[in-house]
There are 2 protein chains.
Amino acid sequence: MRILFLNILIRVNHFAKEFVKRDIGTVKMSSKKTSITVADVARAAKVSKATAARVLGGYGVASEKTRNAVTEAAEKLGYRSNELARSMSTGRTGLIGVVVGDIENAFFSRAVRGISDAANAAGLNLIITNSNEDLEQEREMVAVLMRQRVAGMIVAPTDVRDTVHLEAAISSGTPVVTFDRVADHLVADSVCGDDAAAADQVMRHLHDLGHQNVAYVTAAGFQGGRLSDLDEIGITAVRNRIAAFLTASERAGIEDPMGLVFQNVIGEESAQDIVAAILAHEPAITAVLASDSLIGASLYKAFKERGVRFPSDLSFVSWFDADWTKVTAPQISVVDQPTYEFGQKAMQCLIGRINGDSSKIEHILIPTPMIARGSIGPRETCGD
Amino acid sequence: MRILFLNILIRVNHFAKEFVKRDIGTVKMSSKKTSITVADVARAAKVSKATAARVLGGYGVASEKTRNAVTEAAEKLGYRSNELARSMSTGRTGLIGVVVGDIENAFFSRAVRGISDAANAAGLNLIITNSNEDLEQEREMVAVLMRQRVAGMIVAPTDVRDTVHLEAAISSGTPVVTFDRVADHLVADSVCGDDAAAADQVMRHLHDLGHQNVAYVTAAGFQGGRLSDLDEIGITAVRNRIAAFLTASERAGIEDPMGLVFQNVIGEESAQDIVAAILAHEPAITAVLASDSLIGASLYKAFKERGVRFPSDLSFVSWFDADWTKVTAPQISVVDQPTYEFGQKAMQCLIGRINGDSSKIEHILIPTPMIARGSIGPRETCGD
DNA sequence: TCAGTTATTGAGACCGGTCTCAATGCGTAT
DNA sequence: ATACGCATTGAGACCGGTCTCAATAACTGA
């Protein structure tokens, strides 16, 4: 009788426990309805969490029967993997950090498109950040990306003379590839246009057309408002162009080539000032090189406003084949920077590094040929 | 003797196990050297992990003495927080997913800049993806973003007639804001230009100038190569423009307004075909509206190649005030879409939703006024 | 059928942080 | 000195997945 009672009590207790367990399970599932886990799928498929994870994560082995059961349960439950959890476990994220000057600048947005396409093809995704060509902001963005534990970073460094933050990232095991600019001392691959060759080519072309006084216009600002030392320039792309420009100007007999470098052109107001200075220059400047397409567009508009005719009054070349260079009359001659390819190459390098490639650091130079259009003409037609 | 031998064997085995364990521990610490954890900092500061986390995570309370000790240890060790772990715990990431048609299109890159600036100001970062205005790719990108557990998404939907994937995201608790396009049935805020009003304004202006046969050129493709039903258009921005265009054309006495909608202009080749068709149109088409700046640039170039003069032969208006519209001669009249503001507004809406705002869904309409420039002129100067 | 080998599965620890609540410490009043 | 209330701290569970290795199952050959 006593034994029978105890037996009944044990059964009731067992039933109550099963009831509570089921109830808790129901509540849990209800509140977590929006996020099904591997454990949920495993329960539904009547396998262990580890087995379900193997199937859903696509690693290890599982029998076909098990695989089907898990797959079906996952579909039925609407399982969606959690990359955060996966990344925590594996120590690897599928995220790539990108630091550009300004995503709105077509030069960078096209490069980002190239990076993005190559990344997506490799199952990776981009976190895009803007440095605004400001070192402090670049540092902050790199820190943000490091906290996100990006698998690697592609950076257009604002100033190659101060890359401590990039060195720290690299030391932490995060591979870095720079694009458009190269820091020689950094243990990072780089992908850049051949700026020196391009500047040289443009200058030769202009000299062949009889030009001697050629101006170079840049956004970079110099101490005392005038270039006196190339080391002032933290963006290697710009430095290389100007170095080649100076060499070529000397070759053409210019005694003070640095005096032909016009600085600090950021936006249309400063372009107006520079255009006034160029038009007032003695001896007359008969050709202008714009360091990038933003500057190019501002200068072009300012010159047109003053009634300058291309190429009869002034020959004009801009870096980067932006959309606007092809609707002007005449069309603008450009240094064609294939930034989509820059981006693709940079991403390919980075994927190699992420996958453990420890071969020698590469500095990839991509040709950036001049496209001569109607904005360049012989000096004799340039009025004197 | 046998017992002695077994005893020695057991001791050797034990020693070997301890040796291997020590060796593994050393290797492990060495490989983890680059990632200092809260536990490491806690150890160095002689507090518990929970306390160190409180200080480093900036939540809870800690004495000043403790705070200083932890902060100092963290600096000395070079602690860098792990957002993955934090997000796992908190159930919240600081990532925002963005799906645009093509980051390279200035319309989107400027919007993304607006989104990015607003996000960064709120301590958030963007994962940018491209849909290429393809529904399948959009679905895939949304899935990728959901797997990353983004805190919310800003999407320019490719087709508002099929938004199951967005509905699923919203049901999962991930707020969505659409921009440029609106899906009425979606429980999502939207930020768009007032396309109907803009089209109406442009048409009124053209009619006031005497134009009657005005063409609208779009990238959208229609069944049978001709627009017959507005519901064919999955992008609401385009649909609204065309609807207003048709209404205004009818008002101006056009009997078959749909015949003035030219479709499927993607790239410069198709632009050539469309330009030929427009120039051959009877009665003569005296004004053209380009649905976006990519189409606009292609059309402009094709017309110029055929010697068309603006505005004497043809008046021309393009949606979006792209850079190229301001260097043509004459400058192009545009519908100014302030996409930077679109992006900012969208991000603000999304931040509200992420923070728990459950107020009524908002559809924000931003004015997109016409900027009349030299490409528009009276019909009488347009040759007949 | 039994033994040996290979394939599959499950238990439990772990990633690096957050969160909860009980334990401990500190300050104040009697 | 003792009691009470408040502030601070620590222990341990947990987030959702991966990884390791022992246990179990399945297969094959004698």
Side-chain angles (χ1 to χ4, degrees), chain A residues 24 28-29 31-70 74 77-94 146-149 172-173, chain B residues 17 20-21 24-25 27-29 31-43 45-70 74 77-94 146-149 172-173:
Chain A
I24 288 171
K28 181 181 172 184
M29 283 185 61
S31 73
K32 288 288 182 185
K33 188 173 192 152
T34 58
S35 235
I36 306 297
T37 66
V38 168
D40 298 325
V41 175
R43 205 171 294 119
K46 298 181 163 65
V47 296
S48 74
K49 192 172 81 157
T51 297
R54 267 189 281 265
V55 175
L56 297 173
Y59 60 90
V61 292
S63 69
E64 188 171 342
K65 181 188 163 196
T66 300
R67 226 182 303 126
N68 291 338
V70 170
L77 291 173
Y79 170 76
R80 184 189 281 132
S81 69
N82 183 334
E83 289 300 312
L84 299 179
R86 175 164 283 139
S87 301
M88 279 278 300
S89 283
T90 61
R92 289 178 289 109
T93 71
M146 292 304 293
R147 289 202 287 274
Q148 292 287 348
R149 300 294 196 269
S172 299
Chain B
K17 279 184 174 175
V20 170
K21 205 198 266 176
I24 288 170
V27 168
K28 182 183 172 181
M29 282 185 61
S31 75
K32 288 288 181 186
K33 187 172 193 157
T34 57
S35 236
I36 307 298
T37 66
V38 167
D40 297 325
V41 176
R43 205 171 296 121
K46 296 181 165 63
V47 298
S48 74
K49 191 171 85 158
T51 297
R54 266 189 281 265
V55 175
L56 297 173
Y59 61 90
V61 291
S63 69
E64 188 171 344
K65 180 187 165 199
T66 301
R67 227 182 303 126
N68 291 340
V70 171
L77 291 175
Y79 170 75
R80 183 189 282 132
S81 69
N82 182 334
E83 287 301 312
L84 299 179
R86 175 163 284 138
S87 302
M88 279 280 300
S89 284
T90 60
R92 289 178 291 106
T93 71
M146 292 304 292
R147 288 202 288 273
Q148 292 287 349
R149 300 296 195 270
S172 299

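Residue numbering restarts at 1 for every chain, and letters A, B, ... go by the order of the sequence lines. Given the structure is predicted, the values throughout are model-derived calculations rather than measurements.
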Round to the nearest Å and state the distance from [X] atom [atom1] to [N] atom [atom2].
X: Arg43(A); N: dG10(C); atom1: CZ; atom2: P; result: 14 Å
X: Tyr59(B); N: dA7(D); atom1: OH; atom2: P; result: 19 Å
X: Glu64(A); N: dT8(C); atom1: CD; atom2: P; result: 11 Å
X: Leu56(A); N: dT9(C); atom1: CG; atom2: C1'; result: 15 Å
X: Asp40(A); N: dG17(D); atom1: CG; atom2: C1'; result: 13 Å
X: Arg149(B); N: dG17(C); atom1: CZ; atom2: C1'; result: 17 Å
X: Arg80(B); N: dG16(C); atom1: CZ; atom2: P; result: 14 Å

Decide whether Thr66(B) and Arg54(B) meet the rule of one side-chain donor and one side-chain acceptor closer than 3.5 Å.
->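 Note: Thr66(B) and Arg54(B) side chains miss the donor-acceptor criterion.
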
Shorter than 3.5 Å, N or O on both sides, protein versus nucleotides 22-28 of chain C: list them out with atom names.
none

Heavy-atom donor-acceptor pair, Arg54(A) side-chain to dG10(C) base, under 3.5 Å |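 Indeed there is one.
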
Spell out yes or no: do the side chain of Lys49(A) and the base of dG10(C) have one donor N/O and one acceptor N/O closer than 3.5 Å?
->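 Absent.
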
Flag the pair [X] / [Y] as yes when at least one side-chain heavy-atom distance between them is below 4.5 Å, and no otherwise.
X: Val70(A); Y: Leu56(A); result: yes
X: Glu64(A); Y: Asn68(A); result: yes
X: Ser87(B); Y: Arg149(B); result: no

Minimum-distance nucleotide (side-chain atoms of [X] versus [options]):
X: Ser48(A); options: dG10(D), dG10(C), dT8(C); result: dG10(C)
X: Ser63(B); options: dG17(C), dG16(D), dT8(D); result: dT8(D)
X: Ala50(B); options: dG16(C), dC19(C), dT8(C); result: dC19(C)

Name the nucleic acid region contacted by Ala39(B), choosing base, sugar-phosphate or nothing; use a 4.0 angstrom heavy-atom cut-off, strictly under.
->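 Here Ala39(B) touches no strand at all.
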
Intermediate values then yes/no, side-chain contact (heavy atoms from CB on, under 4.5 Å), Thr37(B) and Asn82(B) = CA-CA 8 Å; Thr37(B) 66; Asn82(B) 182 334; over 6 Å; no

Proximity to DNA chain D (any heavy atom under 4.0 Å), residues of residues 81-90 of chain A only | Ser81(A), Asn82(A), Ala85(A), Arg86(A), Met88(A), Ser89(A), Thr90(A)

Roughly how far, to the nearest 0.5 Å, is CZ of Arg43(B) from OG of Ser48(B)?
-> 12.0 Å

Between CD on residue Glu83(A) and CE on residue Met146(B), distance to nearest 0.5 Å =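 Going from CD on Glu83(A) over to CE on Met146(B), the span is 12.5 Å.
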
Terminal axes of the helix from dT1(C)-dA30(D) to dT30(C)-dA1(D) (5 end pairs apiece), angle rounded to 10 degrees, sit apart by 50°

dT9(D) OP1/OP2 closer than 4.0 Å to side-chain N/O of Thr66(B) = yes

